[in-house]
Q: 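Questions regarding the structure given below will be posed in turn.
Here is the naming used below: chain letters follow the sequence lines, and residue numbers restart at 1 for every chain.
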Amino acid sequence: MATNITDLSNVQGDILLKGLTKEVETFWFFTIVDSTEFGHALRRVANHDISHTQHVLDTRRHIKHFKAQRGHSHTEKLPTVGANISFSFSGLQKVRHITCGSRASLTIDNRSPPSPVCK
Amino acid sequence: MSTGDTIFETGMKAAAVSDLHDPVKADDPQTPDWEADWLDNQIDGVLLVAGNCKDIVHKKLHHIISQFGSSVQRALKIDGNVRPGTQKGKEHFGYQDGISQPIVGDLPNLTKEEMFVPPGQDIIPQGVILCGRPGDAKASSRPSWMLDGSFLCFRKLQQDVSAWENFVVQSSSELGISPDLLGARLVGRWKSGCPINLQPDFDNTEIARDVLRNNFFEFDPTGLNSAQEFTITSGQPSVNCPLGAHIRKTNPRGDQPPDGRASVNIHRILRRGIPYGPEMDEDPAAERGLLFACYQSDLSQGFELIQKRWVSDLSLSLPHSLCVPFPLFSNISSQNLSLPSNYKTQANDPSFRFPNSGLDALIGQTNSEPTVGMKGLVPDDANRELHVSGINRFVIPKGGEYFFSPSLSALRGELSDVKG
């Protein structure tokens, strides 16, 4: 039975509440050319650089506090930035291939039985 | 590997023509008329970086790209920016964007202020947006790495501001109403964001700015969720918000069978788009538009259903002979019709089922009809019809893709647990 979320630091920051604070935003679409190297880097990036909902909440609370202290007429802004990462199906297949070893299915045929290790 | 989502696994490019009705290439009717980068480049993922100034976003982006080193190559890059000054929050046609957004319920550890639900906004179950949470119909079959992830739909939508403005001026002149009024009736809101259901005659910027009022309304007439037909006679006044208005097409509210708003909830999306391109007065010839982005747990219930069934659906496959007298805006009100035997099924399925309410002038499109008639735009004569081009000349899809945004625990764990 599905239960409601208890940890807002598990969801990428652009999804819930009002999403990432944004005045400018860059979308950088990419091709994975070395899946293994990508997988190693993804863990580092996820640990250090990907924003989650709790970050966004903290930032918004910080901005509110900052404005209350400085007064709303103050034009100075707190620097804010956040990053999220998402995969197309082809990207997910590349990621699952290296994280499931050789047992991962690379087919897009849904009728093939799921791998016993990786769904 | 399976995500259980065929729309995601098929990808946007393969279905852009058949399902989304994106315009086709002149020399290839199977291929959407997108930019070459979207057609030719392998898009495995998207890194999106947002912030309050270019420098900090640029720095963050390059920091992350350097972490990936030679494991990735750029497929394409697009910069978006909120419009400056008084245009902040408006899309390029000048309408305030993003007012109606559902509130995801039961999020933990929020302050009272952060939990505030403005009047007229709907509270939706977490699973409408997050995979594996209550309200996600596929929750029990989701693999563990999908929990707390969400599907991202991205569309690059070019906007031709001059063509839109010329169309509104010319059409309003033909219909004998003001351009601002016609624009508001096509959108369902005045440029300020004030709903026409609250102010049918004039814009009201005070309502637009007031979060307690700017989304607090129902479409008229109420009760269409259980109505089987809706006919009008020549000279009859229009309803306040035309059934083909953008905000009514994309969120039918009380119109949706069987239960009105409650029946819309599973189809809601969280919109996260941002405009791109310079202001008209900076460079009128430059390209501009909207980088549309939205999140949902199920693309077939969210973006795809809204675009395919609500926004662009024209006739529900009714025989053409029936499409004339039966539909919503008809000048034959009292004729008895025998409905096709499958009509009841269609009327109850999750789609906006009043045919001939027209095509959403902002994002509706069809490859199968050269023009589409839309009635209900002239306040004192609902029967007056405006013909809009089936191929949308104002908002032009240039590319896009469906993505999955995994949870942090999946990114740090299962999805980066490199074997051997």
Q: One pair to check against side chain to side chain contact (heavy atoms under 4.5 Å, CB included): A:Trp28 and B:Val46. What are the steps and the verdict?
A: CA-CA 5 Å; A:Trp28 199 81; B:Val46 58; 5.8 Å; no

Q: Where on B:Lys60 is there a heavy atom nearer than 4.5 Å to chain A: the side chain, the backbone, both, or neither?
A: side chain

Q: Determine, stepwise, if the pair B:Ile43 / A:Phe87 fulfils side chain to side chain contact (heavy atoms under 4.5 Å, CB included).
A: CA-CA 9 Å; B:Ile43 296 169; A:Phe87 300 98; over 6 Å; no

Q: Please check: side-chain N/O of B:Asn52 versus main-chain N/O of A:Leu78, any donor-acceptor pairing under 3.5 Å?
A: yes

Q: Among A:Leu57, A:Thr3, A:Thr53, which residue forms the greatest number of heavy-atom pairs with chain B at distances under 4.5 Å?
A: A:Thr3

Q: Let me know if A:Ile5 has heavy atoms under 4.5 Å from chain B in its side chain, its backbone, both or neither.
A: both

Q: Return the CG to OG1 distance between B:Leu47 and A:Thr26, rounded to the nearest 0.5 Å.
A: 9.5 Å

Q: If I measure from the heavy atoms of chain A, does B:Ser140 come under 4.5 Å with its side chain, its backbone, both, or neither?
A: neither

Q: Could you tell me which portion of B:Gln73 (side chain, backbone, both or neither) has an atom closer than 4.5 angstrom to a non-hydrogen atom of chain A?
A: both

Q: Please enumerate all residues that pass salt bridge (Lys or Arg N to Asp or Glu O under 4.0 Å) together with B:Glu113, with sequence neighbours excluded.
A: A:Lys64

Q: Is B:Leu76 in contact with chain A via its backbone, its side chain, both, or neither, using a 4.5 Å heavy-atom distance?
A: both

Q: So for B:His63, is it side chain, backbone, both, or neither that comes closer than 4.5 Å to the heavy atoms of chain A?
A: side chain

Q: At a heavy-atom separation under 4.5 Å, does A:Ser9 approach chain B through its side chain, its backbone, both, or neither?
A: backbone

Q: Is B:Thr10 close to chain A through its backbone or its side chain, or both, or neither, when contacts mean heavy atoms under 4.5 Å?
A: neither

Q: Considering only heavy atoms, which portion of B:Leu415 lies under 4.5 Å from any heavy atom of chain A: side chain, backbone, both, or neither?
A: both

Q: Tell me the closest heavy-atom pair linking B:Phe68 and A:Val45, and the distance in Å.
A: CZ-CG2, 3.9 Å

Q: When rounded to the nearest 0.5 angstrom, what is the spacing between CG in A:Leu92 and CD in B:Glu9?
A: 9.0 Å

Q: If we define contacts as heavy-atom pairs under 4.5 Å, which of A:His48, A:Lys18, A:Met1 has the most with chain B?
A: A:Lys18

Q: Can you check whether A:Asp14 reaches B:Tyr295 side chain to side chain, under 4.5 Å on heavy atoms?
A: yes

Q: Looking only at atom types and distance, does a side-chain atom of B:Asp148 sit under 3.5 Å from a main-chain N or O of A:Asn10, one as donor and one as acceptor?
A: no

Q: Heavy-atom cut-off 4.5 Å, strictly under: side chain, backbone, both or neither for B:Phe403 against chain A?
A: both

Q: Looking at B:Val49, B:Leu110, B:Asn41, which has the largest count of heavy-atom pairs under 4.5 Å with chain A?
A: B:Val49

Q: What closest approach, in Å, do A:Arg43 and B:Ser416 show between heavy atoms, and which atom pair accounts for it?
A: NE-OG, 2.9 Å

Q: How far does OG of B:Ser71 sit from NZ of A:Lys94, to the nearest 0.5 angstrom?
A: 10.5 Å

Q: Using non-hydrogen atoms and a 4.5 Å limit, figure out which bit of A:Thr59 sits close to chain B: side chain, backbone, both or neither.
A: neither

Q: Pick from A:Ser86, A:Gly19, A:Ala83, A:Gly91: which one has the most heavy-atom pairs with chain B under 4.5 Å?
A: A:Ser86

Q: Residues in ring pair (Phe, Tyr, Trp, His ring centres under 6.0 Å) with A:Phe30, at least two apart?
A: A:Phe38

Q: So which of A:Ala2, A:Gly82, A:Ser88 has the biggest tally of heavy-atom pairs under 4.5 Å with chain B?
A: A:Ser88

Q: Does any heavy atom of chain B fall under 4.5 Å from the side chain of A:Thr21, the backbone, both, or neither of them?
A: backbone

Q: Under 4.5 Å from any heavy atom of chain A, what part of B:Phe154 do you find: side chain, backbone, both or neither?
A: side chain

Q: Determine whether more than 12 heavy atoms belonging to other residues, nucleotides or ligands lie under 6.0 Å from atom CG of B:Asn109.
A: no

Q: Sub-4.5 Å heavy-atom contacts with chain A: which residues of residues 268-279 of chain B show up?
A: B:Leu270, B:Arg272, B:Ile274

Q: Does a side chain donor of either B:Ser407 or A:Gln12 reach within less than 3.5 Å of an acceptor in the other side chain?
A: no

Q: Check each atom of B:Val57 against the heavy atoms of chain A and say whether the ones under 4.5 Å are side chain, backbone, both or neither.
A: both

Q: Are the side chain of B:Lys419 and the backbone of A:Thr99 linked by a donor-acceptor contact shorter than 3.5 Å?
A: yes

Q: Determine whether the aromatic ring centres of residues B:Tyr402 and A:Phe89 are separated by less than 6.0 angstrom.
A: no

Q: From A:Ile85 CD1 over to B:Leu408 CG, what is the distance, rounded to the nearest 0.5 angstrom?
A: 11.5 Å

Q: I need the residue from A:Asn84, A:Ile50, A:Leu20 with the largest number of non-hydrogen atom pairs under 4.5 Å to chain B.
A: A:Asn84

Q: Quick one, A:Thr31 with B:Val72, criterion side chain to side chain contact (heavy atoms under 4.5 Å, CB included). Give me CA distance, side-chain angles, the key distance, then yes/no.
A: CA-CA 5 Å; A:Thr31 310; B:Val72 296; over 6 Å; no

Q: Please identify, among B:Gly413, B:Pro108, B:Gly11, B:Ser150, the residue contributing the most non-hydrogen atom pairs under 4.5 Å to chain A.
A: B:Pro108

Q: Sort B:Lys59 into side chain, backbone, both or neither according to what part of it lies under 4.5 angstrom from a heavy atom of chain A.
A: neither

Q: Tell me the closest heavy-atom pair linking B:Met1 and A:Gln93, and the distance in Å.
A: CE-CG, 3.7 Å

Q: Any chance you could measure A:Phe27, atom CZ, to B:Glu401, atom CD, to the nearest 0.5 Å?
A: 14.0 Å

Q: Between B:Glu114 and A:Arg61, is the closest basic N to carboxylate O distance under 4.0 Å?
A: yes

Q: Inspect the surroundings of NE2 in A:His62 and state if more than 12 heavy atoms from other residues, nucleotides or ligands are less than 6.0 Å away.
A: no

Q: For B:Leu130, which atoms come within 4.5 Å of any heavy atom of chain A: side chain, backbone, both, or neither?
A: side chain

Q: Below 4.5 Å, heavy atoms only, C-beta onward: do B:Cys53 and A:Val24 meet side chain to side chain?
A: no

Q: Check the pair A:Val33 / B:Ser70 against side chain to side chain contact (heavy atoms under 4.5 Å, CB included), numbers first and verdict last.
A: CA-CA 8 Å; A:Val33 292; B:Ser70 57; 5.8 Å; no

Q: Which heavy-atom pair separates B:Ile56 from A:Pro79 by the least distance, and what is that distance?
A: CD1-CB, 3.6 Å

Q: Non-hydrogen contacts under 4.5 angstrom with chain A: give the residues of residues 121-129 of chain B involved, or none if there are none.
A: B:Gln126, B:Ile129

Q: Please report the interatomic distance CD(A:Glu25) to CG(B:Leu48), rounded to the nearest 0.5 Å.
A: 5.0 Å

Q: Name the option with the most non-hydrogen atom pairs under 4.5 Å to chain B; the candidates are A:Leu42, A:Asp34, A:Asn47, A:Thr80.
A: A:Thr80

Q: Distance only, no hydrogens: is a donor on one side chain within 3.5 Å (strictly under) of an acceptor on the other, for A:Ser90 and B:Asp44?
A: yes

